[in-house]
K.L.:
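Quick one: the structure is below, questions incoming.
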Amino acid sequence: MAALTASCSGAAPAGQGPSAPEGTTVATPQAPTIKISPAEGSAKVSPDKKVVVTAAGGALENVTVEAGGEQVEGGFNTDKTKWVSKTPLKPSTSYNVSAKAGATTTTSAFTTLKPERALQIADVTPNAKGETVGVGAPIIVTFNQPVTSKATIERALEVEAEKPVKGAWRWINDTVAIYRTATYWPAHQKVTFNANITGIKGGKGLYGVKDYKATLKIGAKQISKVDVKKHMMYVYKDGKRVQTMRISAGMATTREYTTTSGVHLTMERGNPVRMISPGRKKGDPGYYDVMIGHAVRISNSGEYVHAKNNVWAQGVRNVSHGCINSRPDQARWFYDNFQRGDVVDITGTNRELEWNNGWGFWQMPYSQWKKGSALNGKDGKA
């Protein structure tokens, strides 16, 4: 009989491959999961809330948050497992979110709340179309609603100059903030003001709904020096004297009729301007009601640089009710050549211009001015 031989080599019968180990399975990788906040369908989302997208089991490849064709800026963390929005959301707006990580794509939609009150910029002065302003010019911003979260709003106010100089905001009240530089603006440049307030909370139920941008053109450095005691006014343009004017100032028989000393700014002009004696009625001693030509306002207490044909007094005596008057042809020259925000520096009287009288902001030391900022007196850089 033929002997049967057995092999302990484990070889499979001819025509068959090796068998798989018993109990072994092949794993299928799980797709990444994506989470979006605010959640799908959320309504009345606060505009200052961040949009946060996170991924588990993989890295985020793309995140888009958009409304009306505009995308919200945001950024990833180091391993791209998290994306967070950087800019505020717009109130009363529907947003769509799309995120992709590996084979997973997730979308979501939410709506921001409608504010109880809408915050906007009502006015920026000086900022007339095509206007050129002087080196002392402030930026006076007026809001349409009282602002209580002043620091938050102030952070959204940006001033950028071609020739940078330190400056700071000062809140005059709940609706007005004023920007003033530490020294006069360098002449001949552009200054850009941006109020990026959309979605920024200005108080309870108050959110910014519209940004604002203005470009100010700073012109020549025009400084007028008035010596009341010598009855003279000298006008300098970019350091060169361009006009010498014999003037008559306030007669100083009362405080009311005393010209204020200090750094004034030109504010507005009129030709003519009706001037009426304050606190007096017709028939009272000292009453007047006159039309004055080529008048440039330099304070809110009735002071102007204006024309008057009393050349007998100009350069000799102070006989006005507080204004600076000069020869009509020279007053007209001043009227035609001034820029709002030009400096009129007056000396020689015992009455100081108040810092809040007109645009007398330069009367306050800068160290004190910036204490009116809501950001703890921090300097800005324009």
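When reading the values below, keep in mind they use all heavy atoms of this one structure, side chains included, and skip hydrogens, waters and symmetry mates. Position 1 is the first residue of the sequence, and the numbers go up from there.
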K.L.:
Is it true that the side chains of Asn357 and Ser301 contain a donor and an acceptor less than 3.5 Å apart?
P.N.:
yes
K.L.:
Pairs in or reaching into residues 121-138: which pass side chain to side chain donor-acceptor pair (under 3.5 Å), with residues at least two apart or in two chains?
P.N.:
Asp123-Thr125, Asn127-Tyr212, Glu131-Arg340
K.L.:
Under the 4.5 Å side-chain heavy-atom rule for ILVMFWY, direct or indirect, which residues accompany Val316?
P.N.:
none
K.L.:
Side chains of Val147 and Trp171: does their closest heavy-atom pair fall under 4.5 Å?
P.N.:
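With C-beta onward as the side chain, the pair touches.
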K.L.:
Is the shortest heavy-atom distance from the side chain of Ile298 to the side chain of Ile346 under 4.5 Å?
P.N.:
yes
K.L.:
For Tyr287, does the six-membered ring have the charged nitrogen or CZ of Arg280 within the cation-pi criterion, i.e. under 6.0 angstrom from the centroid and within 45° of the normal?
P.N.:
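Relative to the ring axis of Tyr287, which defines the angle, Arg280 lies outside at least one limit.
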K.L.:
Measuring only between side-chain heavy atoms, which start at C-beta, is Leu353 closer than 4.5 Å to Val263?
P.N.:
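No, their side chains stay 4.5 Å or more apart.
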K.L.:
Could you check whether any side-chain heavy atom of Gln314 comes within less than 4.5 Å of a side-chain heavy atom of Asn325, counting everything from C-beta outward?
P.N.:
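In contact.
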K.L.:
Go through Phe143 and Val141 one step at a time and tell me if the side-chain contact (heavy atoms from CB on, under 4.5 Å) criterion holds.
P.N.:
CA-CA 7 Å; Phe143 295 91; Val141 178; 4.0 Å; yes
K.L.:
With no hydrogens and no angle check, do the side chains of Thr349 and Ser261 hold a donor and an acceptor under 3.5 Å apart?
P.N.:
yes
K.L.:
Could you check whether any side-chain heavy atom of Pro126 comes within less than 4.5 Å of a side-chain heavy atom of Gln339, counting everything from C-beta outward?
P.N.:
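Answer no - side chains too far apart.
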K.L.:
Tracing side-chain links under 4.5 Å among I, L, V, M, F, W and Y, which residues wind up in one group with Val52?
P.N.:
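Val84, listed by chain and number.
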K.L.:
Is there a side-chain contact between Arg170 and Met364 (heavy atoms, below 4.5 Å)?
P.N.:
yes
K.L.:
Hey, are Lys100 and Glu61 close enough for a salt bridge, meaning a charged N less than 4.0 Å from a carboxylate O?
P.N.:
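Salt bridge flag = yes for Glu61 with Lys100.
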